[in-house]
Amino acid sequence: MDTMRDRFAPVVTRLLDEDPRVAVVLAEIGRDGFAEALRRHPDRVVNVGIREQLLVGAAAGMALTGLRPVVHTFASFLVERPFEQLKLDLGHQGAGAVLVSAAASFDWPAGGYTHMAPGDVALLDTLDGWAVHVPGHPDEAEALLRHAVAAGDDKVYVRLSVQSNARALPVDGERFRTVREGRSGVVVAVGPVLDAVLHATEGLDVTVLYATTVRPFDTAGLRRATAAAGTDVVLVEPYLAGTSTAAANDALADVPHRVLGLGVGRAELRRYGRVEEHVAAHGLDARSLRERIGGFLAVDGVVPAGA
């Protein structure tokens, strides 16, 4: 199966052919995938070189002329390094763009900590008006990319990952999707962690919601689920643990509730290893999730650690 990033360049190349407003801005990374698009649309495919601040600044300038720029590089170079430009060139000027990242969290361990960005969504949360999509499958990534490009002049972040669920689910760019119903709590699985969450909660009496759009947060969807399953909520996110706990707390502010945020820890893992080793080290594998979710929700059927 191809990866989300494998799907990215062909989809956006078709969008360049279909919509004269679409433009692509790169900073070296990903340029080979757009070689044919550059030949066909040399005025709308721009590679600024290894200049990430310029990457965002150029996209903002394009947006102010009426174009719809799609901006791509690794997450650490797209959100963290040019954060001031996101805040000022896009946000302050009221310009829109579609930011599409790769190497989410720890997708390329061999690249080291400079190529890891588990705090990207949390950092964007400090700014106003960003939509954030976190697909869990290449088909979902394609659907959400098309949705993002078509979203007028909005500011949209699409977070691609090499991690993927086994099958795609329908996504609409707005709401959480109920994939399992129970009565002893709600687990929100974001993007590519869904399969691990479903495995971890097999046989447990819990509701599982699938989130591929996390900003805006689906307050109404969470409230509907908790009305039937109770107001104990576990958020499992493939980026910094606790990123969405404030949003969940706000959604349930008028009722007693508990929220547990699971995700990537703050500690830097300096022996970079493989993706699977990072997943396990951060407690995002199915066995660890079952222990943590079951312990928090106090549901029957959980085998204690070490048993």
Side-chain angles (χ1 to χ4, degrees), residues 2-104 120 124 127 129-135 138-161 171 173 213:
D2 58 356
T3 67
M4 298 181 200
R5 194 169 180 228
D6 291 336
R7 193 74 63 89
F8 165 64
V11 169
V12 176
T13 296
R14 289 195 294 272
L15 291 173
L16 282 162
D17 293 338
E18 297 166 4
D19 186 346
R21 288 187 66 225
V22 174
V24 173
V25 193
L26 306 169
E28 292 296 333
I29 292 170
R31 66 178 184 176
D32 291 348
F34 287 95
E36 178 60 22
L38 176 61
R39 188 187 66 79
R40 295 207 298 262
H41 307 287
D43 56 333
R44 290 189 285 129
V45 179
V46 176
N47 179 13
V48 302
I50 308 174
R51 301 174 180 88
E52 286 80 10
Q53 288 87 351
L54 177 60
L55 176 77
V56 176
M62 291 178 177
L64 291 173
T65 70
L67 294 174
R68 184 62 168 157
V70 178
V71 190
H72 175 65
T73 186
F74 291 166
S76 56
F77 307 147
L78 185 63
V79 176
E80 295 178 335
R81 184 171 294 175
F83 180 71
E84 182 179 11
Q85 283 66 41
L86 298 182
K87 181 176 73 173
L88 298 179
D89 295 3
L90 290 175
H92 179 67
Q93 294 192 111
V98 180
L99 273 57
V100 183
S101 71
D120 53 350
L124 280 178
L127 303 178
W130 281 89
V132 178
H133 301 309
V134 187
D139 291 351
E140 297 168 4
E142 177 170 347
L144 291 170
L145 276 167
R146 290 183 172 277
H147 185 279
V149 171
D153 296 314
D154 292 351
K155 299 185 293 292
V156 185
Y157 180 47
V158 183
R159 191 179 201 265
L160 306 184
S161 178
V171 295
T213 297

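In this chain, residues are counted from 1 in sequence order. The figures here come from the full heavy-atom set of this structure, side chains too, leaving out hydrogens, waters and symmetry mates.
- Using modelled atom types, no side-chain atom of Arg44 and backbone atom of His41 make a donor-acceptor pair closer than 3.5 Å.
- The CG atom of Asp120 lies 3.5 Å from the OH atom of Tyr157; values are rounded to the nearest 0.5 Å.
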Tell me, with the steps shown, if Phe77 and Ile50 meet side chain to side chain contact (heavy atoms under 4.5 Å, CB included). CA-CA 10 Å; Phe77 307 147; Ile50 308 174; over 6 Å; no

Salt bridge (Lys or Arg N to Asp or Glu O under 4.0 Å) for Arg40 and Glu36? Distances and angles first, verdict last. CA-CA 6 Å; Arg40 295 207 298 262; Glu36 178 60 22; 3.2 Å; yes

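- Salt bridge absent: Asp19 and Arg68 never bring a charged side-chain N and a carboxylate O closer than 4.0 Å.
- Of all heavy-atom pairs between Met4 and Ser161, the closest is SD-N, 3.4 Å.
- Of all heavy-atom pairs spanning Thr13 and Gly33, the tightest one is OG1-O, 4.4 Å.
- Counting only distance, with no hydrogens or angles, the side chain of Arg81 and the backbone of Ser76 share no donor-acceptor pair below 3.5 Å.
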Step by step, work out the side chain to side chain contact (heavy atoms under 4.5 Å, CB included) result for Leu15 and Val70. CA-CA 10 Å; Leu15 291 173; Val70 178; over 6 Å; no

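- The closest side-chain heavy-atom distance from His147 to Thr213 is not below 4.5 Å.
- Residues Ala97 and Val71 approach most closely at CB-CG2, 4.3 Å, considering heavy atoms.
- Arg7 is listed as a side-chain neighbour of Asp139, based on a closest heavy-atom distance under 4.5 Å.
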Walk me through it: do Leu160 and Val158 pass the test side chain to side chain contact (heavy atoms under 4.5 Å, CB included)? CA-CA 6 Å; Leu160 306 184; Val158 183; 3.8 Å; yes

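- Within the 4.5 Å cutoff, no side-chain heavy atoms of Asn47 are placed close to those of Leu38.
- Here the side chains of Leu55 and Leu78 are in contact, with some heavy-atom distance below 4.5 Å.
- Between Arg51 and Ala27, the closest heavy-atom pair is N-CB, 4.4 Å.
- Looking at every heavy atom in both residues, Leu67 comes nearest to Ala23 through CD1-CB, 4.2 Å.
- In this structure, Gln85 CD and Glu52 CD are separated by 10.5 Å, a value rounded to the nearest 0.5 Å.
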Show your reasoning for whether side chain to side chain contact (heavy atoms under 4.5 Å, CB included) applies to Val22 and Val98. CA-CA 10 Å; Val22 174; Val98 180; over 6 Å; no

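- Panel note: side chain Asp6, backbone Thr3; a donor-acceptor pair is recorded below 3.5 Å.
- Shortest non-hydrogen contact noted between Pro69 and Val25 is CB-CG2, 4.3 Å.
- Within a 6.0 Å sphere centred on CG of Leu127, heavy atoms belonging to other residues, nucleotides or ligands number more than 12.
- Summarising the geometry, atom CG belonging to Leu16 is positioned 12.5 Å from atom CZ belonging to Arg21; distances are rounded to the nearest 0.5 Å.
- Within the model, atoms CD of Glu28 and CZ of Phe74 stand 12.0 Å from one another, a figure rounded to the nearest 0.5 Å.
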If you apply the rule salt bridge (Lys or Arg N to Asp or Glu O under 4.0 Å), what do you find for Lys87 with Glu84, and how did you get there? CA-CA 5 Å; Lys87 181 176 73 173; Glu84 182 179 11; over 6 Å; no

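- Contact annotation: the side chain of Arg14 approaches that of Arg146 to within less than 4.5 Å [non-hydrogen atoms, C-beta and beyond].
- His72 and Phe8 have tilted rings, their planes meeting at an angle from 30° to 60° on a 0 to 90° scale.
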